[in-house]
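Since the structure comes first, as structure tokens, the remarks are kept for the end.
Just so we're clear, the structure is a prediction, and the values are computed from it rather than from any experiment. Atoms within a ligand are numbered from 1 in the order they appear, just like the ligands themselves.
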Amino acid sequence: SEDPPGQERRPLVAVDGVPLPQKTWENWAQIKAFQAKPDDLLICTYPKAGTTWIQEIVDMIQQGGDPEKCRRAPLHERHPFLEWARSPQSTGVAWADAMPPPRTLKTHLPVKLLPASFWKQGCKVVYMARNPKDSAVSYYHFLRMHQLLPQPGPWPQFLEAFMAGTVPWGSWHEHVRGWWRAREALPLLFLHYEDLKEDPGREIQRVAQFIGQPLVPAALERVVHHTSFEVMRANPATNRASAPRSVLDQSISPFMRKGTVGDWKNHFTVAQSEHFDRDCASKTAGTGLAFRTEL
Ligand code: A3P
């Protein structure tokens with residue numbers, strides 16, 4: 001799956017003020033018109049919040065805790081990525097359209113860009129959030145290795161861009177705040193990466209209950225084991241090992257990088273941390289949202 005030349009690292013293009021990959025922008029009319037179905041389950045995250053992790057958890061629950069069934073295809077083929085497009089592959093929308101229901105879909109879109117049909121159909125949403133400091137660090141390493149998205153530049157410069165929301169999919173704050181409020185309009189389970197790290201069994205059972213497939217203890221144990229960082233890192237159906245180097249160059253940084261809470265401490269200076277905290281405090285004031293940056 002070699003790319004035709006010219007697809008690499010194109011600048012982002014704003015859709016309603018949100019910087020998105022150029023291919024997403026080119027396909028925007030199709031994405032906007034996407035027809036959700038009432039039994040669609042939408043997995044929604046800001047990039048690097050643990051999307052892959054919650055995708056594998058959801059699939060394991062849906063497959064009754066059978067890891068063999070989850071090996072049927074790599075994750076990005078099991079769950080169409082709604083706004084993704086990369087020729088000559090079919091777009092996320094075309095992929096989803098061809099999939100028999102019930103479908104599980106993935107998106108990074110902020111609330112204001114979600115296709116209208118999801119609201120009309122009242123689709124269930126599983127939203128996963130991760131503290132912004134670890135999200136920024138994870139995003140920085142991801143953009144270093146991702147060959148189709150803009151380079152992050154040096155860490156201090158990337159951190160400013162992250163705070164300003166001039167990174168792919170826009171502002172972390174707007175994303176999290178918007179989806180937090182969306183709980184009032186959609187059946188939405190709001191999860192925290194840090195809670196999942198702290199007590200995966202408890203959080204996985206919450207997900208299972210939310211999607212209407214509660215797990216018996218033995219199955220729950222299998223899901224916890226199979227979705228641990230170590231097992232997912234070694235699993236070709238989740239570690240993106242099959243992605244060509246022209247898309248993800250894992251020699252620069254592995255897709256399954258660290259999977260911890262608090263790696264930001266290895267990247268932020270004290271001054272950067274204080275500056276970041278002040279910026280965050282002003283942007284999340286009054287939302288009732290709180291994030292843990294260590295366990
Ligand atoms: P790090 O870069 O901090 O290691 P996404 O799937 O949204 O791109 O998120 C990727 C982040 O989730 C990476 O964070 C990755 O290591 C982490 N991750 C993936 N699977 C995980 C798991 N099973 N447990 C904990 N973290 C996981």
Between [Y] and [X], is there a salt bridge with N-O shorter than 4.0 Å?
{"X": "Lys124", "Y": "Asp39", "result": "no"}
{"X": "Lys23", "Y": "Glu26", "result": "yes"}
{"X": "Asp249", "Y": "Arg144", "result": "no"}
{"X": "Glu294", "Y": "Lys265", "result": "yes"}

Under 4.0 angstrom from ligand 1, any heavy atom of [X]?
{"X": "Gln55", "result": "no"}
{"X": "Phe142", "result": "no"}
{"X": "Asp263", "result": "no"}

(message) Using the salt bridge (charged side-chain N to carboxylate O under 4.0 Å, His left out) criterion, which residues pair with Asp59? Sequence neighbours excluded.
(response) Arg72, Arg78
(request) Measure the shortest side-chain to side-chain distance between His146 and Leu248 over non-hydrogen atoms and say whether it is less than 4.5 angstrom. (result)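 Heavy-atom side-chain distance check passes, below 4.5 Å.
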By number and element, which atoms of ligand 1 are closer than 4.0 Å to a non-hydrogen atom of [X]?
{"X": "Gly50", "result": "5 (P), 6 (O), 7 (O), 9 (O), 12 (O)"}
{"X": "Ser228", "result": "23 (N)"}
{"X": "Thr52", "result": "5 (P), 6 (O)"}
{"X": "Met232", "result": "20 (N), 23 (N)"}

Contacts table for residues 213-223: side-chain donor-acceptor under 3.5 angstrom, sequence neighbours left out:
from	atom 1	to	atom 2	distance (Å)
Arg222	NE	Gly65	O	2.8

Quick one: nearest non-hydrogen protein atom to [atom], plus distance?
{"atom": "atom 20 (N) of ligand 1", "value": "Met256 SD, 3.6 Å"}
{"atom": "atom 7 (O) of ligand 1", "value": "Thr51 OG1, 2.4 Å"}
{"atom": "atom 3 (O) of ligand 1", "value": "Arg130 NH2, 2.9 Å"}
{"atom": "atom 13 (C) of ligand 1", "value": "Ser138 OG, 3.7 Å"}
{"atom": "atom 23 (N) of ligand 1", "value": "Thr227 O, 2.9 Å"}

Could you tell me whether [X] and ligand 1 have an N or O pair separated by under 3.5 Å?
{"X": "Arg257", "answer": "yes"}
{"X": "Lys48", "answer": "yes"}
{"X": "Tyr46", "answer": "no"}

(message) Could you check whether atom CZ of Arg202 has more than 12 heavy atoms from other residues, nucleotides or ligands sitting under 6.0 Å from it?
(response) yes
(request) Please say whether the positively charged group of Arg183, taken as NZ for Lys or CZ for Arg, lies over the ring of Trp179, i.e. under 6.0 angstrom from the six-membered ring centre and within 45 degrees of the axis. (result)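 Judged by the rule (NZ or CZ under 6.0 Å from the ring centre, within 45° of its axis), Arg183 is not positioned above Trp179.
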(request) Pick, from Tyr193, Tyr140, Phe255, the option with the minimum heavy-atom distance to atom 17 (C) of ligand 1. (result)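 That would be Tyr193.
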(message) Once you measure the plane-to-plane angle for Phe81 and Trp169, does it fall in the parallel (<30°), tilted (30-60°) or perpendicular (>60°) bin?
(response)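 Parallel.
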